[in-house]
Amino acid sequence: MAMSGGVDSGTSALLLKNAGYRVVGATMVLFDRPENRDLDDARALASKLGIPHLTLDYVDGFKSKVQDYFCAEYLAGRTPNPCVDCNRHFKMAALQQVRQEQGLDYVATGHYVRRVFNPSTGLFELHRAADPSKDQSYVLYHLSQDTLAHMLFPLGDFTKPQVRAIADEAHLPVARKGESQDICFIPDGDHTGFIRRHTGRDFEPGEIVDLAGDKLGTHQGLACYTIGQRKGVGVAAGHPIFVVEKRADTNQLVMGPLEALEIGEVTANQVSTISGSRFPGRDQAIRVEAKLNYRQTPAPGVAFCDDDGLLHVVFDQPVRACAPGQALVVYQEDNVLGGGTILQGR
């Protein structure tokens, strides 16, 4: 049981134990910090539940596979999602290795998703959580059949208030613990400050231009801005303008009106599917819903792979704020088909 020290993983461990599983708690130490309250809380939870607890040191691997990649992508003008990479490399792959070494059957996490076995196909499926406000399927689109076969998600059918009520009733000390922040290794939310400290590099200023290429001002480094950003850029045009593109090759930040953010098609690489089967070709494109970022409502369209293996989604209606580096995740109803890393939108 992956135990972060929070109410979700603590309640998951309780539910599994009550269901008759032999549970071993495991907490990953992913980065150095002066004190680790989450690790202390996880150990206390394991002790209260009467289960053994492992502390796993992944600091070096997390630095190379998540933090270094996060910084490199931002410096290249893209917007990575470190939660996807952390789940891929650590909460799934690394814990599956520990599971095998310990002779256990499953890795369990506190994600709000559902694992469903489809008897007609003989395949496991990843479904959205019963509580749409807590659904975390977006960051798990990369799971494979082998991994899903050895996963448990105890919270998939619960709402957050229900989880807290279960923890309260069991007198778990984390029942009222607050939610974790978006990026665990940047608790203050200052990603540009983290990049500077982590890489020892400062950002190179460059031109802010409009869609016609006319200079509007000077930016402080492409990593300081996000696609769709309006405030804090430092330029005015007499009407609302937004960041619509970050051109790493020319170090230019491109601004434009809201409609310039609209795209009809998105392309992604590093494509994976839950089933293990490739998305069909253009002539057999399938009806889907797709998300371009974690908080976006899925938008309807069609999906297909081209001859180079790139995933395309063509939307029924234009969508906004497509940031290269984010994940494109494709659904059919609640079923996650797979996804990839966004290359571009147009």
Side-chain angles (χ1 to χ4, degrees), residues 1-19 21-63 65-67 82-99 102 104 106-113 129 131 134-136 139-140 151-156 158-189 194 294:
M1 176 70 227
M3 298 186 71
S4 65
V7 63
D8 291 333
S9 59
T11 304
S12 296
L14 172 66
L15 291 170
L16 290 171
K17 184 180 178 185
N18 289 347
Y21 289 94
R22 179 170 68 91
V23 181
V24 176
T27 301
M28 296 177 290
V29 178
L30 300 175
F31 50 95
D32 294 320
R33 55 180 115 177
E35 57 185 47
N36 195 333
R37 179 190 167 191
D38 291 335
L39 177 59
D40 294 340
D41 287 345
R43 286 171 170 164
L45 275 168
S47 177
K48 180 173 179 59
L49 294 171
I51 62 175
H53 180 269
L54 305 173
T55 301
L56 308 172
D57 184 348
Y58 291 126
V59 172
D60 291 341
F62 189 78
K63 176 183 179 299
K65 291 182 176 175
V66 178
Q67 293 174 316
C83 295
V84 170
D85 298 314
C86 178
N87 279 295
R88 186 198 311 267
H89 296 300
F90 296 97
K91 292 181 182 176
M92 303 302 151
L95 289 186
Q96 286 291 344
Q97 183 176 344
V98 174
R99 172 191 68 78
Q102 295 286 322
L104 302 172
Y106 301 99
V107 169
T109 73
H111 286 98
Y112 285 81
V113 293
D131 181 356
K134 291 298 297 179
D135 174 60
Q136 294 171 295
V139 297
L140 298 179
M151 292 295 305
L152 295 174
F153 303 109
L155 304 187
F158 291 92
T159 66
K160 186 73 176 206
Q162 288 173 325
V163 169
R164 289 202 185 275
I166 293 168
D168 264 332
E169 186 176 355
H171 304 293
L172 297 187
V174 295
R176 294 292 145 188
K177 188 174 181 179
E179 298 284 338
S180 58
Q181 61 275 355
D182 284 345
I183 302 179
C184 62
F185 57 89
I186 310 180
D188 61 1
F194 173 82
Y294 186 87

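Atoms considered below: every heavy atom in the structure, side chains included; atoms not considered: hydrogens, waters and symmetry mates.
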Could you tell me whether the side chain of [Y] reaches within less than 4.5 Å of the side chain of [X], counting heavy atoms only?
| X | Y | result |
| --- | --- | --- |
| Thr11 | Arg164 | no |
| Tyr294 | Val139 | yes |
| Leu49 | Val23 | no |
| Thr27 | His53 | yes |
| Leu39 | Thr55 | yes |
| Gln96 | Met151 | yes |
| Tyr58 | Val66 | no |
| Lys91 | Met28 | yes |

Of all heavy-atom pairs between [X] and [Y], which one has the smallest distance, and what is that distance?
| X | Y | answer |
| --- | --- | --- |
| Met1 | Ser9 | CE-O, 3.7 Å |
| Leu45 | Pro173 | CD2-CD, 4.0 Å |
| Leu15 | Pro154 | CD1-O, 4.1 Å |
| Tyr112 | Thr159 | CE2-C, 4.3 Å |
| Ile51 | Gly25 | CD1-N, 4.0 Å |
| Gln67 | Phe194 | NE2-CZ, 3.8 Å |

Handout entry: Within 6.0 Å of CZ in Arg22, more than 12 heavy atoms from elsewhere
Key =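 12 or below, so no.
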Practice task
Using a cut-off of 6.0 Å, state whether more than 12 heavy atoms not belonging to Asp60 lie near its atom CG.
Solution key: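 Atom CG in Asp60 is not crowded, with 12 or fewer foreign heavy atoms closer than 6.0 Å.
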Handout entry: Residue from Gln136, Lys177, His111, Lys160 passing side-chain hydrogen bond (donor to acceptor under 3.5 Å, both in side chains) with Asp8
Key =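 Answer after filtering Gln136, Lys177, His111, Lys160: Lys160.
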Exercise for the section: Could you walk me through whether Phe158 and Asp131 pass the side chain to side chain contact (heavy atoms under 4.5 Å, CB included) test, one step at a time? Expected result: CA-CA 7 Å; Phe158 291 92; Asp131 181 356; over 6 Å; no
Nearest 0.5 Å, please: how far is [atom2] in [Y] from [atom1] in [X]?
| X | Y | atom1 | atom2 | answer |
| --- | --- | --- | --- | --- |
| Arg43 | Leu54 | CZ | CG | 10.5 Å |
| Asn87 | Thr109 | CG | OG1 | 7.5 Å |
| Cys83 | Ile183 | SG | CD1 | 6.5 Å |

Exercise for the section: Let me see the working for Leu155 and Lys134 under side chain to side chain contact (heavy atoms under 4.5 Å, CB included), right down to the final yes or no. Expected result: CA-CA 10 Å; Leu155 304 187; Lys134 291 298 297 179; over 6 Å; no
Practice task
For side chain to side chain contact (heavy atoms under 4.5 Å, CB included), just list the numbers for Leu56 and Val29, CA-CA rounded to whole Å, side-chain angles, deciding distance to a tenth of an Å, and then say yes or no.
Solution key: CA-CA 6 Å; Leu56 308 172; Val29 178; over 6 Å; no
Exercise for the section: Would you please classify the geometry between the Phe62 ring and the Phe31 ring as parallel, tilted or perpendicular, with 30° and 60° separating the classes? Expected result: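 Phe31 and Phe62: tilted rings.
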Exercise for the section: Start with the C-alpha gap between Asp168 and Arg176, add the side-chain angles, then the distance that decides, and say whether side chain to side chain contact (heavy atoms under 4.5 Å, CB included) holds. Expected result: CA-CA 8 Å; Asp168 264 332; Arg176 294 292 145 188; 2.5 Å; yes
Practice task
State plainly whether the residues Lys63 and Asp32 are in salt-bridge range, i.e. N to O under 4.0 Å.
Solution key: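 Between Asp32 and Lys63 there is no salt bridge, as every charged N stays at least 4.0 Å from the carboxylate O atoms.
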